[in-house]
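Down below is the structure, laid out as structure tokens.
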Amino acid sequence: DQQVKQNSPSLSVQEGRISILNCDYTNSMFDYFLWYKKYPAEGPTFLISISSIKDKNEDGRFTVFLNKSAKHLSLHIVPSQPGDSAVYFCAASGTGANNLFFGTGTRLTVIP
Amino acid sequence: DTEVTQTPKHLVMGMTNKKSLKCEQHMGHRAMYWYKQKAKKPPELMFVYSYEKLSINESVPSRFSPECPNSSLLNLHLHALQPEDSALYLCASSRSSGLNSPLHFGNGTRLTVT
């Protein structure tokens, strides 16, 4: 059973606007969350992470929000750029755990 | 450029062949991982090495045999694979396992079993 879910397989956004990618999880033991970006023929590239003691983490154009009560996190990209077009994976793990559980990914297309 | 290097990029092998996938990192990371990714699916963990010792084997069939010769290298030996083993094999490393440190992935080896 999928413990990390990304319910939107794709998202299209105009250049300069905000992209919002969503992720839900079911395991309440998860306390570390990450977003990865993946281009074709490349491995996933780490973007940003957040631990469960925070509800927001920001790095440049990327901000991750965590709502523990709703078991939901989101990635905001603003302003969106054409180079942001890629598949974005949400991932989660628990304290002391070695395994990352990945969502199925959302393909973001930023239209120039 | 990724800091985790995987070779080869592509591999085609028959079901009776023996081949090896290689992974190298020079970031001083002490945990290394093998993941398998099928088309349109998320990556799935196969093995974790922590301080050069195998710490997790996610019930992977014995036709996949990992090896960690030193802290910078990770191999995956393949023998008698099945066509359903065709996938993208991703290597990753992190500063340590069990702590909140992100995994850094290589670009993967695209394996086709004929």
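Below, read A as the first sequence line, B as the second, and so on, with proteins coming before strands; counting in each chain starts at 1. Side-chain atoms are counted along with the backbone in the values below, which use heavy atoms only and exclude waters and symmetry mates.
With a 4.5 angstrom heavy-atom cutoff, A:A41 touches chain B only via backbone atoms. For a residue to count as touching a neighbouring chain, one of its non-hydrogen atoms must lie under 4.5 Å from one of that chain's; by this rule A:T104 touches chain B with backbone and side chain alike. Within the 4.5 angstrom heavy-atom criterion, no atom of B:Q6 approaches chain A. Heavy-atom distances place the side chain of A:Y36, and not its backbone, under 4.5 Å from chain B. Residue B:E44 does not touch chain A at all, counting heavy-atom pairs closer than 4.5 Å. For A:Q6, no part lies near chain B; criterion is any non-hydrogen pair under 4.5 Å.
Counting heavy atoms from C-beta outward, A:F30 and A:Q3 have side chains that approach closer than 4.5 Å. With a 4.5 Å cut-off on side-chain heavy atoms, A:K37 and A:Y39 count as touching.
In summary, the aromatic rings of B:Y35 and B:F105 are positioned with their centroids under 6.0 Å apart.
Side-chain contact annotation: A:S69 with A:N67, donor-acceptor N/O pair under 3.5 Å present.
With B:Y33 as the fixed residue, the side chain to side chain donor-acceptor pair (under 3.5 Å) test singles out one of B:S94, B:S93, B:S50: B:S94.
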